[in-house]
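Read the numbers this way: they start at 1 and go in the same order the structure lists the ligands and their atoms.
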Amino acid sequence: MARFTLYGMWPSGPTYKVGLMLSLAGEPFDYVHVNLREGEHKSPEYLEHNRFGVVPSLLDSRTAESYGQSSAILQYLAETTGKLNGVAASERTVAREWVFWSADRLGPGVYRTRAAKLGFAKFPDEVTAHYEANAHLALKELDSWLKHNDWVGGGANPTFGDVDIYGVVGYCGQAGVGLDDHGGVKSWVSRVEGLPGFSSVDHLLPKESRKA
Ligand SMILES: N[C@@H](CCC(=O)N[C@@H](CS)C(=O)NCC(=O)O)C(=O)O
C-alpha cells in the first residue's frame, strides 16, 4: 500500500504540482479523482480531507492526516520525506519567498490566462490581456533570478520551490504565454524537465482514480 493518496483532478495545476513533487521524490501514490462538476469537492467526506473544499488534498496514511493547499503540501512532503528540501535553511527560506511571490504574481497571471484560453473561465478580453501582461511581468522577474541561479532556492540543488514554480510555468504553453523573451526561465525549465521522475503537465495525472 502506498503511503500517500493524492485527491485531485487532472486539469488542475495545483494537483499537478503535488503529483510532480511525489514523482520527483520517488514516492508512488494512490490517486483519487474528485469530480468537481458533480460537486464532490464540497461533499462532507471530501471536506474531511480539505477544509477549503478545493483540490488537491494529500492523505498521509502514516498519520491519517490530510492536508490542503498545494504549496503547503509540497513543503510538508519536503520535510517528511527529506527530498527536495534544500541543504541550508537559507535555501528553504529563499524557496519560500518565491513560493509566496508566485501565489501573488506568477500563478494568477499564468493560471487565469490559461483558464480563459481553454474556456475554463470567461473574462472580458481586457481582463484576459491584463492577466497575460502580469504573467510576462512576473516571468521577467523570475528570469532575472534564474539567469544567475540554477535553482529557485539559490543553492546547488532543486527544492520544493522549483516544483512549486514549475507547477505554474509548466502551463505557459497551454496559456499561450511564450517563454522566448525569458531565456533564464527557459533554461531552468529544461533543467527541471531533465530531473529523474519528471513527468509533464499532459502526462502525469491520471484521468480516473487508481492505485499506485
Ligand atoms: N491555492 C489552492 C488552489 C486550489 C484550487 O483553487 N483548486 C481548484 C482546482 S485547480 C478548485 O478546487 N476549485 C474548485 C472551487 O473553487 O470550488 C492550492 O494551491 O491548492
* Asked: Less than 4.0 Å between a side-chain N and a carboxylate O, is that true for E132 and K117?
  ->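 Salt bridge: yes.
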* To do: Measure centre to centre between the rings of Y111 and Y131, then say whether the value is under 6.0 Å.
  =>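 No: the rings miss the under 6.0 Å criterion.
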* To do: Return yes when atom CD of E48 has more than 12 non-hydrogen atoms of other residues, nucleotides or ligands closer than 6.0 Å, and no otherwise.
  =>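 12 or below, so no.
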* Asked: Just wondering, more than 12 heavy atoms not from D125 lying within 6.0 Å of its CG?
  ->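 It does not: D125 CG has 12 such atoms or fewer within range.
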* **Those residues that, when tested against H33, pass ring pair (Phe, Tyr, Trp, His ring centres under 6.0 Å) (two or more places apart)** =>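 Listed in chain order: nothing, the list is empty.
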* With no hydrogens and no angle check, do the side chains of D60 and Y76 hold a donor and an acceptor under 3.5 Å apart? ->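 Yes, Y76 and D60 have a side-chain donor paired with an acceptor closer than 3.5 Å.
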Run through all N or O atoms in ligand 1 and write down each protein N or O closer than 3.5 Å, as a pair with its distance.
| residue | atom | partner | partner atom | Å |
| --- | --- | --- | --- | --- |
| ligand 1 | 1 (N) | Q69 | OE1 | 2.8 |
| ligand 1 | 7 (N) | V55 | O | 2.9 |
| ligand 1 | 12 (O) | V55 | N | 2.9 |
| ligand 1 | 17 (O) | H41 | NE2 | 3.2 |
| ligand 1 | 19 (O) | S70 | N | 3.3 |
| ligand 1 | 19 (O) | S70 | OG | 2.6 |
| ligand 1 | 20 (O) | S70 | N | 2.9 |

